Amino acid sequence: MIECTIITVCKNAENEIERTIQSILSQKIDKKRIEILFIDGLSSDNTLKIIERYINDFEDIKIRYISEKDNGIYDAMNKGAKNAKGEWCLYLNAGDTFFNEESLENILNIENKEDFDIVYGDTVHNYKNKYTIVKAKSEKELTYKNGMEFCHQSCIIKTNYQKENKYSLNYKIAGDCDFFTRAFLSKAKFYHIPKVISIFVKDGISSTRGSLVIKENADIKLKYNIINEEEYKIEVNKAILKIKIREKIPKFIIKIRHNIVMKKNTKNWISLDEIKNTGDRI
């Protein structure tokens, strides 16, 4: 039986997909325990050719792909879970990587794993080759009052649970936050391991469109009665104002400002080698 399906959502990812595949293949784990499932949104570049090359060259690991039109990333992620053959799902999308060669084994080899619905670890954030470790809250500290509390790429989800609890297609960015908030409030069983599992690159849509993240997270918190109407209006009005201002500013200025803010926020971040030399923390 396949233990874990690594689901990779992609579209026109010829420049990123190989990095993710090589990260998976580098894992020091019996490859018979895992499969890689690509959910491709009808790529028009060389993405599928790259995937097919790996299918042909690596017979010791099961690699499959589905390429068809979808309704966005969360529809693709639902499709991945639906077609997964593993007992657990791990989403590692195009460009995402594991932290090191032991990452997958670290999260799959915990004791009594079958007692939990969601198992998650810590994450290293990367911005322009500067890195920092972001420790996730323990399962006893989770509240979901402030959005995501651990990185999606650093967790495994029991496949049957994922199939029964799909990602909402009502969100452009925060569908994963909605899923985990719903899981938390419905008493799903979470478990945290103090190990870094993945590297998250802070250049994606959720990193560069912070106001939309705030707005969608507020929608989620109101839906699940985590905040009241008054608190919701305050959060949303601030987010909408920022979005409207952003729409009037030339994109090159937004990019310059983003780079200035990120440079300031990451001034104390360190190299990946320094991160990996921190010993027991990872």
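Numbering starts at 1 and runs along the sequence shown. Because the structure is predicted, anything quoted here is derived from the model rather than measured.
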**Q.** Axial cation check for Tyr74 ring with Lys166, 6.0 Å and 45° limits
**A.** no

Q.
Please tell me whether Phe180 and His152 form a close aromatic pair, meaning their ring centres lie under 6.0 Å apart.
A. yes

Q: Go through the side-chain N and O atoms of Asp273 and Ser271 and say whether any donor and acceptor fall under 3.5 Å apart.
A: no

(Q) Quick check against the 3.5 Å criterion: does Glu101 have a side-chain atom that pairs as donor or acceptor with the backbone of Gln27? (A) no

Q: Drop me the distance from Asn129's CG to Trp269's CH2, to the nearest 0.5 angstrom.
A: 12.0 Å

Q. For the side chain of Thr266 and the backbone of Met262, is there at least one donor-acceptor N/O pair under 3.5 Å apart?
A. yes

Q) Does atom CZ of Arg53 have more than 12 heavy-atom neighbours, drawn from other residues, nucleotides or ligands, at distances under 6.0 Å? A) yes

What donor-acceptor contacts under 3.5 angstrom involve side-chain atoms of residues 154-161, with partners at least two apart or in another chain?
| from | atom 1 | to | atom 2 | distance (Å) |
| --- | --- | --- | --- | --- |
| Ser154 | OG | Asp122 | O | 3.2 |
| Ser154 | OG | Thr123 | OG1 | 2.8 |
| Ser154 | OG | Ser198 | N | 3.4 |
| Ser154 | OG | Ser198 | OG | 2.7 |
| Lys158 | NZ | Glu114 | O | 2.6 |
| Lys158 | NZ | Phe116 | O | 2.9 |
| Thr159 | OG1 | Gly86 | O | 2.8 |
| Thr159 | OG1 | Glu87 | O | 3.1 |
| Thr159 | OG1 | Trp88 | N | 3.3 |

Q. Taking atom types as modelled, is there a side-chain donor on Asn100 or Ser103 under 3.5 Å from an acceptor on the other?
A. yes

Q) Going by atom types alone, do Tyr144 and Asp178 pair a side-chain donor with an acceptor below 3.5 Å? A) no

Q) Above 12 or not: heavy atoms from other molecules or residues under 6.0 Å from NZ of Lys145? A) no

Q: Would you give the length of the straight line joining atom SG of Cys4 to atom CG of Leu90, rounded to the nearest 0.5 angstrom?
A: 5.0 Å

Q | Salt bridge Lys79-Glu68, side-chain N to carboxylate O under 4.0 Å | A | yes

Q. Are Phe150 and Phe190 side-chain neighbours, meaning at least one heavy-atom pair lies under 4.5 Å?
A. yes

(Q) Could you check whether Tyr65 and Glu52, counting side-chain N and O atoms only, form a donor-acceptor pair closer than 3.5 Å? (A) yes

Q.
I need the Thr8 OG1 to Ile21 CD1 distance, nearest 0.5 Å.
A. 7.5 Å

**Q.** Close side-chain approach of Gln153 to Phe98, heavy-atom, < 4.5 Å
**A.** no

Q: Determine the sole option in Lys113, Lys85, Lys31, Lys32 for which the salt bridge (Lys or Arg N to Asp or Glu O under 4.0 Å) test with Glu3 is passed.
A: Lys113

Q | Lys/Arg-Asp/Glu bridge criterion (N-O < 4.0 Å) met for Asp219, Lys223 | A | no

Q: Assess the side chains of Gln22 and Tyr54: does a donor N or O sit below 3.5 Å from an acceptor N or O?
A: yes

Q.
Pair Lys221, Glu235 - check salt bridge (Lys or Arg N to Asp or Glu O under 4.0 Å), show working.
A. CA-CA 11 Å; Lys221 288 187 284 186; Glu235 290 190 21; 3.2 Å; yes

Q.
Consider side-chain contact (heavy atoms from CB on, under 4.5 Å). Of Ile55, Asn56, Ile24, which one does Ile63 pass it with?
A. Ile55

